[in-house]
Student: 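I'd like to ask some things about the structure below.
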Amino acid sequence: MSVRVRFAPSPTGYLHIGSARTALFNWLYARNTGGKFLLRIEDTDLQRSTEASTRSIIEGLEWLGLNYDEEIVFQSDNADKHRSAAARLVEEGCAYRDFTPKEERSDATVKQGIVDRARAAGAEGVNHRANPYRELSKAESDARASAGEPFAIRLKVPEEGQTFFADVVYGEQSRAYAEIEDLVLLRSDGHPLYNLAVVIDDIDMGVTDVIRGQDHLTNTHKQILIYEALGVTPPRFAHLPLILAPNKGKLSKRRHGEVVSLTTYRDRGFVAAAFRNFLALLGWSPEEAEKEIMTLDEMVESFSLEGIHRSNAVFNFNEADPRHWTDDKALWMNAEYIRTMPLEELTPLVKEELRSEKLWREEYEDWERNWFERAVDLIRQRFFTLKDFSAQGRAYFSDDFDFEPAAVKKNLLKEPRLKELLPQLADRLEMVEPWNAETSEQALRAFSDEAGVKAGLLINASRTMLTGQAVGPSMFEVFDIMGRDRSAQRLRSGVPWHEQIENVSERK
RNA sequence: GGGGAUGUAGGCUAACAGGAUAAGCCGCUUGAGUUUCAAUCAAGAGAAUGCGAGUUCGAGUCUCGUCAUCCCUGCCA
C-alpha cells in the first residue's frame, strides 16, 4: 500500500515553527517513500478558526517549498459524515446519548478547571463508566431524543481491556480502558469533536501514517478506541518530540508571539532552504549525523522515521538581543546558506529584498548585471539575513545611506587631519588607471607614505566614508566594486563632518 | 491527583546488538589577519551521560529506585 500522510493544522493563528516542523517531516516522509502528502484544515472550532490563518498556513507551506498533493480537505465540510458516523455508533451500541445538561465554561479558566477537577476526581478514584445515561435502554434513549431533548454522543468505552499501539518513535504504548473516559464524539449542538473528526477524516483520506506532535500521544488511545468501534484498522502512528521555549516550557503563540511564527522568518530575511534545513535537524538526524547542511534532495533521500529521536528540543531565542533574536544555530545556518549558495539562487532573493526597500534598479538585471553579481558576492560573506543587503549593504546600492555614529567617531573624527587628507586621497585615486583592487591599494599606500600616516588610518576612514560602516569586506575590494568616480566622490563628500555640525546645532 | 513520555557540555545532535581518552555542529574564549569584521584560518575551555544503587571483567547503552521537566486528563484542537 502506498504511503499517504497528512498535515492537519487548525487555522487558529499563524503557522508556528512546531507545526511547520511537523509539516516538513510529513512531507519528507511522503517524498522519501513516493507517497502522497495531503493537507487538511481542521476548522471544526468555529469560534477560533479564521480564513486569514488558513491563508497564512498555506503561504507558510509554500515558502518552505512543501507542496501538497490532491485537494485541500476542510474538516468542516465533512461534518455530515462525522455526524452520521456518530449516529451509526449509537445504533450499533458502541456509543450512547448523554442527556446531561451542558456545562458552560469560560475559555479563560478551562485549563485550570480541568486540572482541578481531575485532581479532585483522582483523589477519590473516579469511575469513568458512572454516567447515568450509559445504560439507558435504546427505546428510552430514542424516545427522549425524538422528543427534542438535547444530548451529546459519547463513546461507550468497554469496561475491561486495554488499547495498544506501536508508535514508530516512542515504541509500544498501552493504556487500560479504565483510565479512559467515555469521550464526547458529538456536541449537543451537533458539532463533531476533534477525536471523532480526525479518525473519520483519516479513514476517509486513506491516511496510512499519522505523523504528528507528541502532545497527541495520549489522545491516540482514544482514537484507537474509535477505530475499534468503527471496525477499521488504525494507521501507523509516529509521534514527534516537542519543540520547547528557552525556559523549556511549551512554545506558545500567546506567550512568545512573533518569534515562533514561521512567516516571521520569511519577513526577517531568512532563506527558506536554510530555515527548512535547520527545522529538519530539530528532532531528527540523518544516518550521517555529521552532515548537517543538506540539499532538499539529500534530505528527502536520507529521511526516515527511525532517525527521529524522543526527547524534546529547545528552540532558543531572545528578542531583546538583536544579534540573538532567534536560535543561534538557525541564524548561523542562514548565514552559511547566504554565503555559500549558488549566486544565481541568491540574487533573486536579494532582488526581492532590495525591491521591498526601494533600492532595486532594473539595470542590475541588464547592463549592470555583472556588477550586481560581483557586489552581492562580495558583501554576502559576512551577512546573516537577506535584510542585511538593504541595511548594512545599502551604500552599495544607493548614495543615500546613513553613517554609523560609532564608526564615524572611531574612524573619522578621532584624527582631525582626515578632513583634509581624504579629499587629497580622492584626487590621487582619480588618477589611477586601470582601476582595480591592486591599483587602488598601491595608490593608497603610496599616498599614506607621502602624507606620513599609517595606511590603516586611511583604510578605515575610507571604509566609513564609502559605506558608512566600521566593518566590511577588504577595503580595496570595496574600492574596486564602488568604482573610481563614486569612491572619489564619497571620499570628498565630508558628510560625516556636516552631520556632526548639524547634530550639534540641533541640540542647541 | 491519575496516566504517559523524556533526561548526553549553554543549545541542536552522535556513539552499530554493553567494549578503549564520550564525537560533530552552534555558541563561548584566545590568537592570526589590511590598525575593520558577526567572514576566514588556527588553538582552547566546557559533560564523571539528571541523581543513587544493582547486574557485568566492562554500563551513556540493561534492571530497579529517585528527582526534574514536558504532554494528556474539555460538549478545545
Side-chain angles (χ1 to χ4, degrees), chain A residues 8-10 12 42-45 47-49 75 98 100 102-105 107 110-111 113-126 150-154 167 170-171 173 175-176 179-181 183-189 191 193-195 197-198 213-222 239 241-242 244 246 248-250 278 281-285 288-293 309-316 323-324 327-333 335 339 380-384 388 392 407 410-411 441 444-445 454-457 459-460 463-464 469-476:
Chain A
S10 54
T12 54
E42 307 216 319
D43 54 352
T44 52
D45 187 339
Q47 241 84 68
R48 294 190 296 160
S49 297
Q75 191 159 62
D98 180 358
T100 311
K102 187 185 172 197
E103 223 179 296
E104 293 294 343
R105 289 208 187 85
D107 218 45
V110 268
K111 272 291 179 217
I114 290 161
V115 174
D116 291 346
R117 269 187 326 130
R119 185 161 298 157
E124 54 205 56
V126 81
F151 59 85
I153 293 180
R154 286 183 182 272
D167 191 272
Y170 288 93
Q173 306 288 320
R175 196 166 180 190
E179 283 157 18
I180 306 173
E181 55 176 352
L183 58 140
V184 173
L185 266 19
L186 212 60
R187 245 158 41 176
S188 48
D189 61 6
H191 275 113
L193 255 23
Y194 173 72
N195 284 302
V198 173
Q214 186 234 66
D215 44 343
H216 289 287
L217 192 63
T218 36
N219 277 332
T220 307
H221 294 285
K222 297 178 189 172
H239 285 90
L242 264 25
L244 269 25
K248 298 194 195 293
K250 197 179 181 181
F278 169 76
L281 263 16
L282 236 39
W284 171 76
S285 64
E288 251 186 291
E290 318 250 306
K291 186 173 169 54
E292 297 198 314
I293 303 278
H309 73 148
R310 298 196 255 260
S311 63
N312 295 338
V314 171
F315 181 75
N316 262 313
R323 251 189 76 192
H324 303 281
D327 197 285
D328 281 332
K329 194 160 179 176
L331 241 17
W332 166 80
M333 195 167 279
R339 63 181 170 253
R380 69 168 168 166
Q381 293 308 321
R382 53 210 79 197
F383 283 174
F384 273 64
D388 293 336
Q392 282 108 293
K410 175 166 170 263
N411 291 340
E441 175 164 11
L444 183 141
R445 288 189 187 284
K454 292 241 175 83
L457 179 73
I459 290 168
N460 286 333
R463 178 175 294 111
T464 303
Q469 312 235 318
V471 303
S474 162
M475 193 52 222
F476 306 108

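A note on names: the letters A, B, ... follow the listed sequences, proteins ahead of strands, and every chain is numbered from 1. Model, not experiment: these values are computed from the prediction.
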Student: Have a look at Ser188(A) and say if it touches a base, only the backbone sugar-phosphate, or nothing, with a 4.0 Å heavy-atom cut-off.
Tutor: base
Student: Classify the side chain of Asn312(A) and the base of A5(B) as holding, or not holding, a donor-acceptor pair under 3.5 Å.
Tutor: no
Student: Counting only distance, no hydrogens or angles, is the base of C70(B) paired donor-acceptor with the side chain of Lys248(A) under 3.5 Å?
Tutor: no
Student: For atom P, what is the distance between C67(B) and G31(B), given to the nearest Å?
Tutor: 48 Å
Student: Under 3.5 Å, is there an N or O donor on one side and an acceptor on the other linking the side chain of Lys250(A) and the base of C70(B)?
Tutor: no
Student: Answer with base, sugar-phosphate or nothing: what part of the nucleic acid does Arg310(A) contact at a heavy-atom distance below 4.0 Å?
Tutor: sugar-phosphate
Student: Is A17(B) in the syn range, within 90° of 0, or in the anti range?
Tutor: anti
Student: Could you write out each protein N or O paired with an N or O of nucleotides 44-47 of chain B at a distance under 3.5 Å?
Tutor:
none

Student: Under 3.5 Å, is there an N or O donor on one side and an acceptor on the other linking the side chain of Gln173(A) and the base of G4(B)?
Tutor: no
Student: Can you list the residues that meet the salt bridge (charged side-chain N to carboxylate O under 4.0 Å, His left out) rule with Arg339(A), with sequence neighbours excluded?
Tutor: Glu336(A)
Student: Looking for any heavy atom pair under 4.0 Å, which part of the strands does Tyr170(A) touch: base, sugar-phosphate only, or nothing?
Tutor: sugar-phosphate
Student: Given that both distances must come in under 3.5 Å, which nucleotide forms a Watson-Crick or G-U wobble pair with A59(B)?
Tutor: none
Student: Can you tell me how far P in C57(B) sits from the matching atom in G65(B), rounded to whole Å?
Tutor: 24 Å
Student: Inspect the contact between Asp189(A) and Arg187(A) and indicate whether a charged nitrogen and a carboxylate oxygen are less than 4.0 angstrom apart.
Tutor: yes
Student: For Lys291(A), what residues pass the salt bridge (charged side-chain N to carboxylate O under 4.0 Å, His left out) criterion, not counting sequence neighbours?
Tutor: Glu298(A)
